[in-house]
2 protein chains.
Amino acid sequence: MEKKFQAIYDLLAKEIQTEKIKAGQLLPSENELTERFMTSRETVRKALQLLSQNGYIQKLQGKGSVVLEQDKLPLPVSGLTSFKELSRSMSQKVETIVTSLSCENAHGLIQQVLQCEEGTPVWELHRLRKLDNEAVIYDKDFLLNELAPGLTEEIAGDSIYDYLEQELGLSISYAKKEVVVEEAQAEDKAIMDLGSYQQLVVVRSAVYLEDTTLFQYTESKHRPDKFRFVDFARRTK
Amino acid sequence: MEKKFQAIYDLLAKEIQTEKIKAGQLLPSENELTERFMTSRETVRKALQLLSQNGYIQKLQGKGSVVLEQDKLPLPVSGLTSFKELSRSMSQKVETIVTSLSCENAHGLIQQVLQCEEGTPVWELHRLRKLDNEAVIYDKDFLLNELAPGLTEEIAGDSIYDYLEQELGLSISYAKKEVVVEEAQAEDKAIMDLGSYQQLVVVRSAVYLEDTTLFQYTESKHRPDKFRFVDFARRTK
DNA sequence: TAGTGGTCTAGACCACGTC
DNA sequence: ACGTGGTCTAGACCACTAA
């Protein structure tokens, strides 16, 4: 059974997305929602907290919950979103090419970043992303073989996240990311369509499961003109 | 009086930061914390939720709350953090130069991004940031005069956020940000120490108050080698 | 003054992990 | 079987906004 607060969140989020409730309007009061959903106020408040965190509403003490302007561009790169999820919201033609997939025994750098024992089997996956037939993103993934033993080129060409979450039942929980700009390496210049670009935006991320296992390390290189990152952030404290 | 859940959060966060409780260890159980702080379990859980959101802990059903590895680099650029708060955590020499501060009547682009009436008085502020005597960051701010009438060069050289929040009692609530890479303009090349860099990382952000007023629009240009962005993100859904 | 959201409580039952 | 966190309840009191 779906959780109550999740159901309330989903319903209200949908009403905001479809503009049944428009930006600037107030949501029904917490007491009204409590009655409408035949639940307790704390449960309603959990749903509203989620809406607030995700930028749907702003709560105003003494007034109510205002619906915020929806951004046209749902690119939550700041959250945990994979390339496939991302490309769905882009109009351009998108293509993924698996340039290499192999299983190695961890050593050196790879062993260090994945924090595993020397010799642990690790998948190394290279993927080239084409937008409108231009190779503008180059991803290198390292993941523990143990957790995704049946990985194939076909799966890798689709969405790894789908496979992990839906096929294997793994729960991705959180990630740490870093974004920097670096010089393009010889390999990057050889494999990507860089034109005269000499630098790349590099996104390095470590992905963790719910049990805090570090499971995947990714380095994603973007041609600068094709890189865009949007974020919604609340002031903490 | 400080809120109870906030107090519990502060205390536990401190114990984690100072490594009284080390990474990998479990926090006391929710029931234990409930007793220790003489409160209810829901209140403890609010504090733990904050810790989880901010990357301090990971909750494991049936087990407890594990303390996560603390990143050495507390650069929450992803949250809402101002340059001054940021520079405090950097070892380098940091300097801010106000290159221009004026109050204009809004028109054209500025009026559009701030979503105000034509002719509304708006502060325009330009600041150059030097790290180790190199001008590597160039900020342009636009803010509603009405909300910060007493702005001076001295305040702008310090921290605008401090002034707004502590002096004026304004509550900054949330922001929308965009990060892209763009060609350096002639003005940028003239005022910044760019060396041979032709491109800049541009962070555009809109800052909103608690009453959802759009209050500030900022364009921050960074020399690519001095730009770094780190993020902790939880998987939603 | 009435209605709103913000905090807090004491208890219940469930789902999961460990032993 | 026991302890853990996850969800939910019904109610209380407070702080703020608006009429």
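Chain A is the first sequence line, chain B the second, and so forth, proteins listed ahead of strands; every chain is numbered from 1. As a basis for the values below, the full set of heavy atoms in this structure was taken, side chains included, without hydrogen atoms, waters or symmetry mates.
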Just to verify, what does A/Leu11 make a side-chain contact (heavy atoms from CB on, under 4.5 Å) with, not counting sequence neighbours? A/Glu15, A/Phe37
Across all chains, not counting sequence neighbours, the side-chain contact (heavy atoms from CB on, under 4.5 Å) partners of A/Glu42 are A/Ser40, A/Arg45
Residues forming a side-chain contact (heavy atoms from CB on, under 4.5 Å) with A/Leu209, sequence neighbours excluded: A/Leu147, A/Leu170, A/Ile172, A/Asp211, A/Thr213, A/Phe215
With rounding to the nearest 0.5 angstrom, report the OG to CD distance, B/Ser65 to B/Gln58. 9.0 Å
Give the minimum heavy-atom separation between B/Phe227 and B/Val179, together with the two atoms involved. CZ-CG1, 4.1 Å
Does a side-chain N or O from A/Arg45 land closer than 4.0 Å to OP1 or OP2 of C/dG5, or not? no
Sub-3.5 Å pairs of nitrogen or oxygen atoms, protein against nucleotides 2-4 of chain D:
| unit_1 | atom_1 | unit_2 | atom_2 | d |
| --- | --- | --- | --- | --- |
| D/dG3 | N2 | B/Gly62 | O | 3.1 |
| D/dT4 | OP1 | B/Ser29 | OG | 3.3 |
| D/dT4 | O2 | B/Gly62 | N | 3.3 |

Nearest whole angstrom, please: distance from the P of D/dG5 to the CD of B/Gln58. 13 Å
Could you grab the distance from atom CD1 of B/Ile57 to atom CD1 of B/Ile16, nearest 0.5 Å is fine? 6.5 Å
Below 4.0 angstrom, which residues in residues 35-43 of chain B have at least one non-hydrogen atom near DNA chain D? B/Arg41, B/Glu42
Interatomic distance, B/Gln49 CD vs D/dT7 C1' [rounded to whole Å]: 13 Å
When you measure from the side chain of B/Arg127 to the backbone of B/Thr96, do you find a donor-acceptor pair of N or O atoms at a distance under 3.5 Å? no
How many whole angstroms separate atom CD of B/Glu210 from atom C1' of C/dG6? 12 Å
Separation of C/dT4 P from A/Ile57 CD1 (nearest whole Å): 15 Å
How would you list, by chain and number, every residue that makes a side-chain contact (heavy atoms from CB on, under 4.5 Å) with A/Lys46, sequence neighbours excluded? A/Phe5
Evaluate salt bridge (charged side-chain N to carboxylate O under 4.0 Å, His left out) for B/Arg204 paired with B/Glu178, printing each intermediate quantity in order. CA-CA 5 Å; B/Arg204 297 197 172 83; B/Glu178 176 195 52; 3.8 Å; yes
Expressed in angstrom and rounded to an integer, what is the separation of B/Asp211 atom CG from C/dG5 atom P? 16 Å
Interatomic distance, B/Leu26 CG vs C/dT18 P [rounded to whole Å]: 11 Å
Does A/Lys59 put a side-chain nitrogen or oxygen below 4.0 Å from OP1 or OP2 of C/dT4? no
Starting at NZ of B/Lys4 and ending at P of D/dC14, how long is that distance when rounded to a whole Å? 14 Å
Give the rounded distance in Å between these two atoms: NZ of B/Lys3 and C1' of C/dG5. 12 Å
